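Notes follow the structure.
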Protein chains: 2
Amino acid sequence: MSDSNRLITNKTNGFLGIHSPIENSILQMLSVDVQQRILPYLELVDMPLGKVLYESGELLRHVYFPTNCIVSLLYVLEDGASAEISVVGHDGLVGVSLFMGGGSTTSRAVVQSSGFAYRLPRLRIKDEFNRHGELMLLVLRYIQSLLTQMAQTAVCNRHHNIEQQLCRWLLLSLDLLKDNHLVMTQELIANMLGVRREGVTEAAGCLHKQGVIDYSRGHIMVTDRPKLERLCCECYAVVRAETARLMS
Amino acid sequence: MSDSNRLITNKTNGFLGIHSPIENSILQMLSVDVQQRILPYLELVDMPLGKVLYESGELLRHVYFPTNCIVSLLYVLEDGASAEISVVGHDGLVGVSLFMGGGSTTSRAVVQSSGFAYRLPRLRIKDEFNRHGELMLLVLRYIQSLLTQMAQTAVCNRHHNIEQQLCRWLLLSLDLLKDNHLVMTQELIANMLGVRREGVTEAAGCLHKQGVIDYSRGHIMVTDRPKLERLCCECYAVVRAETARLMS
DNA sequence: CAGGAACTGTGCGTTAACGCACACAGATTC
DNA sequence: GAATCTGTGTGCGTTAACGCACAGTTCCTG
């Protein structure tokens, strides 16, 4: 893991120059006023694959605004079984429980796709939230979209098969990336979906046969997105529409 | 349904006298100041079994503070399949999306156990929320406990069997009632859990054989709660602990 | 009190996902 | 280029839940 981290850092350092906080939708939607208040405290951080932003029950120290990375919120059971309940990218932020008074959650936040994020110390973001201005309104709306995503995931877990869920997962991830290329093993996807690795292999095989995706050894390319959407259950469209309504 | 509604109303009218807003934890936790502001607009409403407070996508007109009733938040799929993602009683409120700016959610709220609730018109509660005082802080903490409950439900759906989930459901419902008696058919429980009615029948039969519950025709009595907790998956305890931490 | 509705019990065959074991192939290391 | 590691493919038997059909039982209603 440490080797791949170093690799990612080296490879991506070159992009530091083009990075800007406005690559995150929430930061971008703030007025110049607010931006000027928080910009001095924003810190650009590397988000290598597998990095854990916080563990269940742990006090949150920062709120993260992803730019080109993806973060998964995972619930892990005592026996190690897990399930992803939400996925956050440039359209959101990680650490909502800071705003709600809990200071911690029962979930774990893990980087699912490497990249960068801006982060702000706990106290700074709380100060801004406590002005009860734009940031608060935005965050509240974002929390509602989070609720929607979690609820839809719960129903999807219950009623839809692995292939449908894989489609949903691919589409949600794809929306957070610039291209149609995912760096992700089937093993990790299985952890996210809370199913067996073999189940993902089979589902991915089906999608490949139908000409929807290509993949090999930790790389997935979506080659026919429209078809992917047709094969998917309704859950993706519901989440997408509600998120658009709330965050537009 | 209309007949049973009338019956419930008649039976419970006698209790109207002892009803008070402070039977709802959130209303009770508010200072006299806030209470005095909102009390004039609080309306005691009958909550008969099956009453729908709002449908998916519908604009919310009131926020409800249950006293002795239980409300389920259900997600319903296009094909009619459903799953309960949260259950609300005297410890919470129904209609959080009013506070978050959405005005509606993709879920449906249904009375799962008849009783009463106090409700407040949309604009009144928004006014109070916008003072950014106690009510806001309480609501935010409540929203976080809701997030926890939803997430745990999602994981439980994925990894635990029907019997364990039934135990969780029974315990969560029991905590919201004064006694150990539930008025609920296996058919309805199946809808909540998103499983077959026969599956619930089988699980309930197992619990009965083990001396944990008695039931017949829409009535369930929990006779050995400690044992019920032992048979349950961890999900109940996690939710309960986190709710206690947040709302104490 | 007869008829019907609502609720629960039971017994199939079917299916999706599981757990496990192992084979195979691309990538990395020495 | 041999050894090794990581990621993927595959083939079992097993299991939990499903879908369906129907029987039995209690309760309500006319």
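Please read these numbers as outputs of a predicted model, since none were measured by experiment. Atom set for the values below is all heavy atoms of this structure, side chains included, hydrogens, waters and symmetry mates excluded. Lettering follows sequence order; numbering is per chain, from 1.
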Gap between atoms [atom1] and [atom2], on [X] and [N] respectively (whole Å):
X: A:Ile162; N: C:dT15; atom1: CD1; atom2: C1'; result: 13 Å
X: B:Glu187; N: C:dG9; atom1: CD; atom2: P; result: 13 Å
X: A:Leu188; N: D:dT8; atom1: CG; atom2: C1'; result: 14 Å
X: A:Leu182; N: D:dG7; atom1: CG; atom2: P; result: 16 Å
X: B:Glu163; N: D:dA17; atom1: CD; atom2: P; result: 10 Å
X: A:Leu49; N: D:dT6; atom1: CG; atom2: C1'; result: 14 Å
X: B:Leu193; N: D:dC18; atom1: CG; atom2: P; result: 10 Å
X: A:Ile189; N: D:dG7; atom1: CD1; atom2: C1'; result: 12 Å

With side chains defined as the heavy atoms from C-beta onward, is the minimum distance between A:Arg245 and A:Glu242 less than 4.5 Å?
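Contact flag for A:Arg245/A:Glu242 side chains = yes.
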Is there a side-chain contact between B:Met150 and A:Leu147 (heavy atoms, below 4.5 Å)?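 In short, these two side chains touch, coming nearer than 4.5 Å.
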_The criterion is ring-ring contact (aromatic ring centres under 6.0 Å, His included); which residues satisfy it with B:Tyr54, sequence neighbours excluded?_
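Expected list: none.
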Over 12 foreign heavy atoms within 6.0 Å of [atom1], [X]:
X: B:Lys178; atom1: NZ; answer: yes
X: B:Gln164; atom1: CD; answer: yes
X: A:Glu198; atom1: CD; answer: yes
X: B:His208; atom1: NE2; answer: no

Find the distance between CE (A:Met184) and CE (A:Met192) and round it off to the nearest 0.5 Å.
->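 Here the interatomic distance stands at 4.5 Å.
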Note to self: Between B:His219 and A:Gly194, which residue's closest nucleotide on DNA chain C lies nearer the 5′ terminus?
What the structure shows: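 By nearest-heavy-atom nucleotide position, the 5'-most residue is B:His219.
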Review point. With respect to the phosphate group of C:dG9, does any side-chain polar atom (N or O) of B:Tyr215 fall under 4.0 Å of OP1 or OP2?
Key: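 Indeed, a polar side-chain atom of B:Tyr215 lies that close.
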| request: Examine C:dG9: is either OP1 or OP2 under 4.0 Å from a nitrogen or oxygen in the side chain of B:Gln186? Give yes or no. | output: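 Answer is yes, contact under 4.0 Å.
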Please output the side-chain donor-acceptor pairs of residues 65-81 of chain A that fall under 3.5 Å, not counting sequence neighbours, one pair per line with the distance.
| unit_1 | atom_1 | unit_2 | atom_2 | d |
| --- | --- | --- | --- | --- |
| A:Thr67 | OG1 | A:His19 | NE2 | 3.0 |
| A:Thr67 | OG1 | A:Phe116 | O | 3.0 |
| A:Asn68 | OD1 | A:Phe116 | N | 2.7 |
| A:Ser72 | OG | A:Glu84 | OE2 | 2.4 |
| A:Ser72 | OG | A:Gln112 | NE2 | 2.7 |
| A:Tyr75 | OH | A:Thr106 | OG1 | 2.4 |
| A:Asp79 | OD1 | A:Ala81 | N | 2.9 |

Among residues 199-213 of chain B, which residues get a heavy atom nearer than 4.0 Å to DNA chain C?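 Within this stretch, B:Thr201 sit under 4.0 Å of the strand.
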*Ion pair B:Asp175/B:Arg225, N-O distance below 4.0 Å*: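 Salt bridge between B:Asp175 and B:Arg225, a charged N being under 4.0 Å from a carboxylate O: yes.
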Under 4.0 Å, heavy atom to any atom of DNA chain D: which of residues 149-157 of chain A qualify?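 The answer is none.
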Using a cutoff of under 3.5 Å, can you pull out all pairs of nitrogen or oxygen atoms linking the protein to nucleotides 20-24 of chain D, with atom names and distances?
| unit_1 | atom_1 | unit_2 | atom_2 | d |
| --- | --- | --- | --- | --- |
| D:dC20 | N4 | B:Glu198 | OE2 | 2.6 |

Candidates A:Thr201, A:Leu166, A:Ile220 - the one meeting side-chain contact (heavy atoms from CB on, under 4.5 Å) with A:Gln186: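 Among A:Thr201, A:Leu166, A:Ile220, the one that satisfies the side-chain contact (heavy atoms from CB on, under 4.5 Å) with A:Gln186 is A:Thr201.
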Using five base pairs at each end to define the local axes, how bent is the helix from C:dC1-D:dG30 to C:dC30-D:dG1, to the nearest 10°?
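Answer for the end axes of this duplex: 30°.
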